[in-house]
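Structure first, then comments.
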Amino acid sequence: MTDLPLYPLIINGERTEPAAGHYADVINPATGDCIGRAAMGDATDVDRAVAAARGAFEQRQWREMAPAERSKVLYACAHTVMQNAQELIELEIGCSGATLNRAVNLDIPAVADLWMNLAEAVKTYPFVTNQSPRPLPEQWHSQVWKEPVGVCGLITAWNFPLLLFSWKVGPALAAGNTMVLKPSELTPTSSIRLAELLQAVLPPGVLNVVNGDGAAVGDAMTLHPDIDKISFTGSTRVGRIVQTNCASTMKRCTLELGGKGPGVVLPDADLDMVAQGALWAVYMNAGQACESGTRLLVHDSIYEPLLQKLAERSGQVVVGNPADPATGVGPMATETHFKRVMGYIESGIADGARVICGGGPASVPGCEGGFFIQPTVLADVTNEMRVAREEIFGPVLAVIRYSDIDEAIRIANDSDYGLSAGIWTGDLVKAQQVARELRAGSVWVNDWHMMRTDAPFGGYKQSGYGRELGAWSIDSYVETKAVQMSFERNPLRKNGQRIVHTRMGQ
Ligand code: TXE
């Protein structure tokens, strides 16, 4: 136990012990083994981290750095990720159960790409915009400035620790803010290590990390009077608490919450393409992704043939040790979550869904202590069942039957969520028309999870608000100031003032 690596807090550029001295085990979900111990902060630690961030903000070095200089630092962040990719990959797999395939081919390239995109975007971001002069005799000129919000509180979830870190820290930095990050207490190791590595390229106090649970650290952050903005990724349930807490000091708040992505399969779709794509949509990261395609809406005319193809292909997906390059589906992130997902499968069966493949726990040789679930397809689901309404966050696809396109659109939009949606068809005109009807922040045609780091991502409805990724994400971390300058010194000629000084100059 004593040889396990320790992951402390990062405050003012330093590895810092938590005030109360508490550390918690970090568990590898593939084996159930403890892989390290992470500091568990509390409100006192949040105060210290916020003070460091406020100090760095007031010190001005970061916020007043010219965008071209800040761009170089963001490039250096990207290089730091790439130079330390191997270590970060191992940490990501160890704490979150990410597959090697995902960490190597998705997380690290996307994280580095995002930082580089931001490094470019910051050079041309409209930090100052001149408004067009009005016709003479205009006495004043107008500019719009974009300024950093101040101290940002960033709260991330456990499903993609490094990606979510970068989605928030990257644009907050690009805009010139200082910040306190709270990673998920379930998967803190890769985030704490990346923050530690980035201290080499950032001024002290700009990026601070306080790991801890929602009740101790999350509430302290969202209620903190000296945090100006919260960006949160997590459940809709906690998102409501975050939004309520932010209202107490009128903090700016953006929320990336859950989803229940509907994929609409039109009768003309290529069924082999759909079978493979719809399973990729739901099984990526073992279903633990907010924008997963979890409801598949299938036309009567192709319903049974498509189910057959889904069952065949689902049975070929390799469930295994995430560190094995052949693994397609890894474990659930925690034992609690494993039980939750199993509970959903049971509720679907009790409500009348038909299991066409999977449906139970999976055993993986060498990972007997892990939390694995068989890739599962439930057919004959109706949109009223819990498995169609609630976010399962596991490898479980709910297949729903429809008879005409209006019905499919109605079912697709009949959800509290609105994060992602998809259309499977060979008819791109039809796809455009259906895309217009779908109430979701991302719509994909004939694929899923297509996310460019320079395209916006975020939700409609109870999936949250605000957009992450690309230059759009910088917008969430700035205040907008109108600066209007009078070019008339003679008080008698200041036109507007005549409203009060009516006798001026007659
Ligand atoms: O999320 P929580 P959980 C969904 C998914 C999953 C479910 C529960 O359906 O099964 O949520 O996951 C912090 N103030 N998503 O329980 O609790 C917490 O410490 C401030 C979708 O893990 O929302 C962690 O850092 N913060 C989602 C973060 O919130 C608080 C990704 C997320 O945890 C807090 C994850 C509080 N009072 C789960 N309480 C997505 N959008 O992708 C907790 N937290």
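For this chain, numbers begin at 1 and follow the sequence in order.
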Across all chains, not counting sequence neighbours, the side chain to side chain donor-acceptor pair (under 3.5 Å) partners of S442 are none
Shortest non-hydrogen pair, G360 vs M342, comes out as CA-CE, 3.8 Å
Value for CG (L6) from CG (D3), rounded to nearest 0.5 Å, stands at 10.5 Å
Check your understanding: Is there side-chain contact between C246 and R252, with heavy atoms separated by less than 4.5 Å?
Key -> no
Contacts satisfying ring pair (Phe, Tyr, Trp, His ring centres under 6.0 Å) that involve residues 79-113 (not counting sequence neighbours) are none
Which of D45, I227, T178 passes side chain to side chain contact (heavy atoms under 4.5 Å, CB included) with V50? It is I227
Between T254 and K229, a side-chain donor and acceptor under 3.5 Å = yes
Shortest non-hydrogen pair, P361 vs F338, comes out as CB-CZ, 3.9 Å
Smallest heavy-atom separation, Q288 atom then A333 atom, equals OE1-N, 2.8 Å
Please tabulate, for the side chains in residues 454-463, all donor-acceptor contacts under 3.5 angstrom to protein atoms that are two or more places apart in sequence or on a different chain.
{"residue": "D454", "atom": "OD1", "partner": "R452", "partner atom": "NE", "Å": "2.8"}
{"residue": "D454", "atom": "OD1", "partner": "R452", "partner atom": "NH2", "Å": "3.2"}
{"residue": "D454", "atom": "OD2", "partner": "R452", "partner atom": "NH2", "Å": "2.7"}
{"residue": "K461", "atom": "NZ", "partner": "N413", "partner atom": "O", "Å": "2.9"}
{"residue": "K461", "atom": "NZ", "partner": "S415", "partner atom": "O", "Å": "2.9"}
{"residue": "Q462", "atom": "OE1", "partner": "R240", "partner atom": "NH2", "Å": "2.6"}
{"residue": "S463", "atom": "OG", "partner": "G258", "partner atom": "O", "Å": "2.7"}
{"residue": "S463", "atom": "OG", "partner": "G418", "partner atom": "N", "Å": "2.8"}
{"residue": "S463", "atom": "OG", "partner": "L419", "partner atom": "N", "Å": "3.3"}

For residues 358-374, the side-chain hydrogen bond (donor to acceptor under 3.5 Å, both in side chains) pairs (sequence neighbours left out) are none
Practice item. Ignoring hydrogens and angles, tell me if any N or O in the side chain of K260 forms a donor-acceptor pair with the backbone of V387 under 3.5 Å. Key: yes
CG (N208) and CE (M179) are apart, to the nearest 0.5 Å, by 9.0 Å
In this structure, CG of L306 is separated from CG of L296 (nearest 0.5 Å) by 6.0 Å
*Min side-chain heavy-atom separation V180-V46 under 4.5 Å*: no
_Cation-pi check, R70 onto F127 ring (under 6.0 Å, within 45° of axis)_ = yes
| query | Can you check whether V73 reaches M65 side chain to side chain, under 4.5 Å on heavy atoms? | reply | yes
- Check whether any side-chain N or O of D25 sits under 3.5 Å from a backbone N or O of G36 as a donor-acceptor pair, and report yes or no. no
Between the side chain of T376 and the main-chain N/O of G359, is any donor-acceptor distance below 3.5 Å?
-> yes
N/O donor-acceptor pair under 3.5 Å between E391 side chain and F393 backbone: no
Applied to residues 327-338, the side-chain hydrogen bond (donor to acceptor under 3.5 Å, both in side chains) test, sequence neighbours excluded, yields none
Does one side chain, of W167 or S473, offer a donor that lies under 3.5 Å from an acceptor on the other? no
Would you call K309 and D272 a salt bridge, using N to O less than 4.0 angstrom? yes
Here the gap from T236 atom OG1 to L257 atom CG, rounded to the nearest 0.5 Å, amounts to 4.5 Å
| request: Would you confirm whether D113, through its side chain, and P109, through its main-chain N or O, come within 3.5 Å as a donor-acceptor pair? | output: no
For the residue pair V434 and V443, establish whether any side-chain heavy-atom pair is separated by less than 4.5 Å.
no
Is a side-chain donor or acceptor of Q199 paired with a backbone partner of A195 at a separation under 3.5 angstrom?
yes
* Asked: Side chains of I356 and S314: does their closest heavy-atom pair fall under 4.5 Å?
  -> no
Would you check if the side chain of N28 reaches a backbone N or O of I35 as a donor-acceptor pair within less than 3.5 Å?
-> no
Distance only, no hydrogens: is a donor on one side chain within 3.5 Å (strictly under) of an acceptor on the other, for D475 and Y125? yes
Next on the checklist: For a 4.5 angstrom cut-off between non-hydrogen side-chain atoms, does R15 reach I10?
Outcome noted: yes
In the structure I gave you, are the side-chain heavy atoms of W444 and S420 within less than 4.5 Å of one another anywhere?
yes
- prompt: Is D228 reaching over with its side chain to a backbone N or O of C152, donor-acceptor style, under 3.5 angstrom?
  reply: no
Between A278 and L310 the two heavy atoms that sit nearest each other are CB-CD2, 4.3 Å
I'd like to know whether CZ of R63 has more than 12 heavy-atom contacts from other residues, nucleotides or ligands below 6.0 angstrom. yes
Within-4.5 Å side-chain heavy-atom neighbours: F232 and E256:
no
So OG of S292 and CG of L397: to nearest 0.5 Å the spacing works out to 10.5 Å
Judged by atom type as modelled, is there a donor-acceptor pair below 3.5 Å linking the side chain of N84 to the main-chain atoms of E87? no
Across all chains, not counting sequence neighbours, the side chain to side chain contact (heavy atoms under 4.5 Å, CB included) partners of T124 are none
When every non-hydrogen atom of W448 is compared with those of A281, the smallest separation belongs to CG-CB, 3.4 Å
Here the gap from E468 atom CD to T453 atom OG1, rounded to the nearest 0.5 Å, amounts to 13.0 Å
Residues at least two apart in sequence or cross-chain that pass side chain to side chain donor-acceptor pair (under 3.5 Å) with E147, listed by chain then number, are K481
Taken in chain and number order and not counting sequence neighbours, the residues that satisfy side chain to side chain donor-acceptor pair (under 3.5 Å) with R295 are N383
Would you be so kind as to tabulate the donor-acceptor pairs closer than 3.5 Å made by side chains of residues 421-430, with sequence neighbours excluded?
{"residue": "T425", "atom": "OG1", "partner": "D268", "partner atom": "OD1", "Å": "2.7"}
{"residue": "T425", "atom": "OG1", "partner": "D268", "partner atom": "OD2", "Å": "3.1"}
{"residue": "T425", "atom": "OG1", "partner": "D427", "partner atom": "N", "Å": "2.9"}
{"residue": "D427", "atom": "OD1", "partner": "V429", "partner atom": "N", "Å": "3.1"}
{"residue": "D427", "atom": "OD1", "partner": "K430", "partner atom": "N", "Å": "3.0"}

Does R193 make a cation-pi contact with Y7, if we ask for NZ or CZ under 6.0 Å from the ring centre and within 45° of the axis?
no
Y477 meets the side chain to side chain donor-acceptor pair (under 3.5 Å) criterion, sequence neighbours left out, with S231
Residue set satisfying side chain to side chain contact (heavy atoms under 4.5 Å, CB included) with A121, at least two apart, ordered chain then number -> A471, I474
Using a 3.5 Å cut-off and no angle test, enumerate the donor-acceptor pairs between side-chain atoms of residues 88-97 and protein atoms at least two apart in sequence or in another chain.
{"residue": "E90", "atom": "OE2", "partner": "Q86", "partner atom": "NE2", "Å": "2.8"}
{"residue": "E92", "atom": "OE1", "partner": "S190", "partner atom": "OG", "Å": "2.6"}
{"residue": "E92", "atom": "OE2", "partner": "R102", "partner atom": "NH2", "Å": "3.4"}
{"residue": "E92", "atom": "OE2", "partner": "L162", "partner atom": "N", "Å": "3.1"}
{"residue": "S96", "atom": "OG", "partner": "E92", "partner atom": "O", "Å": "2.7"}
{"residue": "S96", "atom": "OG", "partner": "A98", "partner atom": "N", "Å": "3.2"}

query: Counting only N and O atoms by type, is there a donor-acceptor contact under 3.5 Å from the side chain of K182 to the main-chain atoms of V210?
result: no
Heavy-atom closest pair (C367 atom, A30 atom, distance to 0.1 Å) is CB-O, 3.0 Å
